[in-house]
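Following: one structure in structure tokens, then a few remarks.
Lettering follows sequence order; numbering is per chain, from 1.
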Number of protein chains: 2
Amino acid sequence: MSTSRCTIREVARAAGVSISTVSLVLNNKGKVSEATRRRVLQAARELGYVPLRAARDLSMQRTGNVGFVLREDHFTRSEPFYTYIFLGTEFEARLHNLYVLLTTIPDDYHKGEHTPRFLRERSVDGLLIAGKVSDAFLDEVRAMKLPAVLIDYEAEGLPAVVIDNQGGARVAVEHLIRQGHQRIAFIGADLQHPSIAHRLEGYRIALGRIGRSMDPALVLIEPEAEPTRATGQLLGQRLLALAERPTAAFCANDALALGVMETLLQNGLRVPDDIALVGFDDVQSAAQAPVPLTSVRVFKEQLGELAMRHLVERMTPDPARRPYARGQHMIVVPCELVVRASSIR
Amino acid sequence: MSTSRCTIREVARAAGVSISTVSLVLNNKGKVSEATRRRVLQAARELGYVPLRAARDLSMQRTGNVGFVLREDHFTRSEPFYTYIFLGTEFEARLHNLYVLLTTIPDDYHKGEHTPRFLRERSVDGLLIAGKVSDAFLDEVRAMKLPAVLIDYEAEGLPAVVIDNQGGARVAVEHLIRQGHQRIAFIGADLQHPSIAHRLEGYRIALGRIGRSMDPALVLIEPEAEPTRATGQLLGQRLLALAERPTAAFCANDALALGVMETLLQNGLRVPDDIALVGFDDVQSAAQAPVPLTSVRVFKEQLGELAMRHLVERMTPDPARRPYARGQHMIVVPCELVVRASSIR
DNA sequence: CCCCGCTTTTACAACGTTGCCTTCGTTTAT
DNA sequence: ATAAACGAAGGCAACGTTGTAAAAGCGGGG
């Protein structure tokens, strides 16, 4: 097996046919007799022919790449949440013969200055955007009229693949209710984030189903803060300071839950005996926490896979397709409750 | 600004010159009069001309991509060590107009079955390999004669960018010595890994400098295990079981150190009072540990940057270059000790 | 025997660059 | 004054693939 490239021309000569025929066979197009098809395939295999991407792309007027964009702080945070989503997209990309170009954008995105290179150079056929990103960036994407799919985030006019945040939250809270809890707090942050808003909504609905409404005193939120461990510690303090302490808390994500747990344990409270905790995302460290954390598992690779699959669909031209509106074209991926020590008596 | 592509032809017509001239100007090649150069640049800017990658690549007989390979378990572990390295390579790639294709390979790599797609399709001009990977993979890479650079790993015949493991370890142990410790343990795993072997060597040298030799009883190693938190917990147990306990331990990495710390604290020992701990890598959770961990900071982005820079050098053809031998062409990146509570009295 | 429709195959022009070679002026050396 | 040298710009053939339009082959019916 030689290391040098072999061109379609050589395959054609070896098979005794024209270049066009080779192309037709290799792409399963047009009508080619079975005999010729076999001869071509044979020759291609023997010569170890692999079409040159640049040539094919040039001819097909496409790039063969899709971009994967996420905020740098999301990519580098200690929990490989988006990393798994990326791997899911990568896996699906193989099936469609696409390459994924991963790039991060800064938290405080400014158009132009921070525009990903592959957008400037127009060397992607489509775009995946993971997690919350700045509106400035989304505006830019919309203006480019490039097929794009959001993952784990929502925005007007763009299709999205999202977690069933509301359903997951409902199941989590219903679990706490089944464990006999009456006073269940909600711990949250950044209400702008649709996922968090939906999780809060799930909490409300679960309470509603047993005929209760939300007690504002038990809804502890730092609306402007990111949902991090540090914010969780802060909210843990506020939880401790409450006059009438709840017996359980549903946290909008695991980072918050772990922060709360840390504060509680440091202040001598027991989990779950004094306060039961449930998180969301089922990150790696959830299972390894001092008290293993009950959480809602999210199928991250699947999110990526579905997003890529949908993007590919959008990338194949179809003039009859209409633009998206919010709420439409939302692919919702189910999640599942994982019960651990932090919530069972 | 139109969204449709504009070709070099249109720029040429707008500037009133030939296509060749436009190409020369845009690539800073050949001799072009200042007047024409300005006119071309002007026209290109006005039309928003961006060369089409596929066309350029086809013409230049290159792909414009480099591959970044690492083991899946390295990529998805909770510490974004390799993620930062990747970001470093990405940053440097921009300066050279290259795209980085990131892909993971499984832990138990088998040639063919697991060969990264971009290698099969030969659509990278060079390869970066981060962290320890299977020899089978390295053999395949060597056989391809594709320019490649290892990062944070070493192997015969391939250039590598590595951490100053030995120097860092030495500084860490010397710090413990300065703190008055006499009995200092070494906690390690996977001795096959060059980094760990070098860190052990640094430990030995630091002791040697004050006229001591390694006490075998204090060198706790799980030679076959991965250097993970779980292994650290295990070694923590062995540390506790020692007849004469050391007063300090230098751990081959932070994961091990955090595992040891967890075990020590759970068994009622105090850090650093009973046993001082120092790790290596300065991962995010080091600073957030129950007792903030002294560690050796590694400049991860820099590792990536240097590797990419070196790879680019290797990618530009130069017939006079000779193959690499182990030990040669090793780029060593310095690191620095970060002192925290886990090691100061 | 020729023409007609059908299937299979081929030739050829893109696609947008780059690199080499030529051409055309202009200056400099002889 | 003429030849040589030089600098600037242009023409053209790759690069490897695809898609299209046209050609070739092939029976069968008139």
[atom1] ([X]) with more than 12 external heavy atoms under 6.0 Å:
X      : atom1 : answer
B/F299 : CZ    : yes
B/R13  : CZ    : no
A/Y109 : OH    : yes

Whole-Å distance separating the [atom1] atom of [X] from the [atom2] atom of [N]:
X      : N      : atom1 : atom2 : answer
A/R53  : D/dC15 : CZ    : C1'   : 17 Å
B/R62  : D/dA14 : CZ    : P     : 22 Å
A/I8   : C/dT10 : CD1   : P     : 12 Å
B/M60  : C/dG19 : CE    : P     : 6 Å
B/R38  : D/dA9  : CZ    : P     : 13 Å
B/R9   : D/dC12 : CZ    : P     : 13 Å
A/R122 : C/dG16 : CZ    : P     : 14 Å
A/L58  : D/dT17 : CG    : P     : 12 Å

- Item | Any A/R56 side-chain nitrogen or oxygen under 4.0 Å from OP1 or OP2 of D/dT18 |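 Result: yes.
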
- Any luck finding a side-chain donor-acceptor pair between B/N27 and B/R56 under 3.5 Å?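 A pair is found: one side chain offers a donor N or O, the other an acceptor, under 3.5 Å apart.
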
- Task: Verify whether one side chain among A/Q42 and A/R45 offers a donor that lies under 3.5 Å from an acceptor in the other.
- Result: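 Indeed, the side chains of A/Q42 and A/R45 share at least one donor-acceptor pair under 3.5 Å.
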
- Query: Is the backbone of B/F118 close enough, under 3.5 Å, to the side chain of A/R53 for a donor and an acceptor to pair up by distance?
  - Reply: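 No, the answer is negative, given that no donor and acceptor are paired below the 3.5 Å cut-off.
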
- Task: For A/R122 and A/T63, indicate whether the former's side chain and the latter's backbone hold a donor-acceptor pair under 3.5 Å.
- Result: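 Absent.
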
- Five-pair end axes of the helix from C/dC1-D/dG30 to C/dT30-D/dA1 and the angle they enclose, rounded to 10°: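 Terminal axis comparison yields 80°.
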
- Using a 4.5 Å cut-off on heavy atoms from C-beta on, say whether the side chain of A/D108 contacts that of A/S134.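 No, their side chains stay 4.5 Å or more apart.
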
- Task: List for me each residue that meets side chain to side chain donor-acceptor pair (under 3.5 Å) alongside B/T83, sequence neighbours excluded, and say none if there are none.
- Result: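 None.
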
Are any protein N/O atoms closer than 3.5 Å to N/O atoms in nucleotides 5-8 of chain C? If there are, list each pair with its distance.
none

- Query: Quick one: CZ on B/F86 to CG on A/L102, what's the gap to the nearest 0.5 Å?
  - Reply: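 The CG atom of A/L102 is 4.5 Å from CZ of B/F86, to the nearest 0.5 Å.
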
- Item | Interatomic spacing from CG in A/N65 to CG in A/L98 - rounded to 0.5 Å |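 A/N65 atom CG to A/L98 atom CG measures 8.0 Å (nearest 0.5 Å).
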
- Message: Any carboxylate oxygen within less than 4.0 angstrom of a Lys/Arg side-chain nitrogen, looking at A/K111 and A/E140?
- Response: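 A/E140 and A/K111: not salt-bridged.
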
- Query: Quick one: which of C/dT17, D/dC15, C/dG19 gets closest to the side chain of B/Q61?
  - Reply: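 The closest nucleotide is D/dC15.
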
- Strictly below 4.0 Å, heavy-atom distances to any atom of DNA chain C: list the hits from residues 16-29 of chain B, or just say none.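 Close to the strand are B/I19, B/S20, B/S23, B/N27, B/K29.
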
- Query: Got a sec, which residues hit salt bridge (Lys or Arg N to Asp or Glu O under 4.0 Å) with A/R71, two or more places apart in sequence or on another chain?
  - Reply: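 Counting only residues at least two positions away or on another chain, A/R71 forms a salt bridge (Lys or Arg N to Asp or Glu O under 4.0 Å) with A/D73, A/D107, A/E226.
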
- Message: Out of the candidates B/E92, B/R94, B/E90, B/E313, only one should pair with B/M308 under the side chain to side chain contact (heavy atoms under 4.5 Å, CB included) rule; please name it.
- Response: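 Of B/E92, B/R94, B/E90, B/E313, side chain to side chain contact (heavy atoms under 4.5 Å, CB included) with B/M308 is met by B/E92 alone.
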
Any protein N or O atoms within reach of nucleotides 23-25 of chain D? Criterion: under 3.5 Å, listing atom names and distances.
none

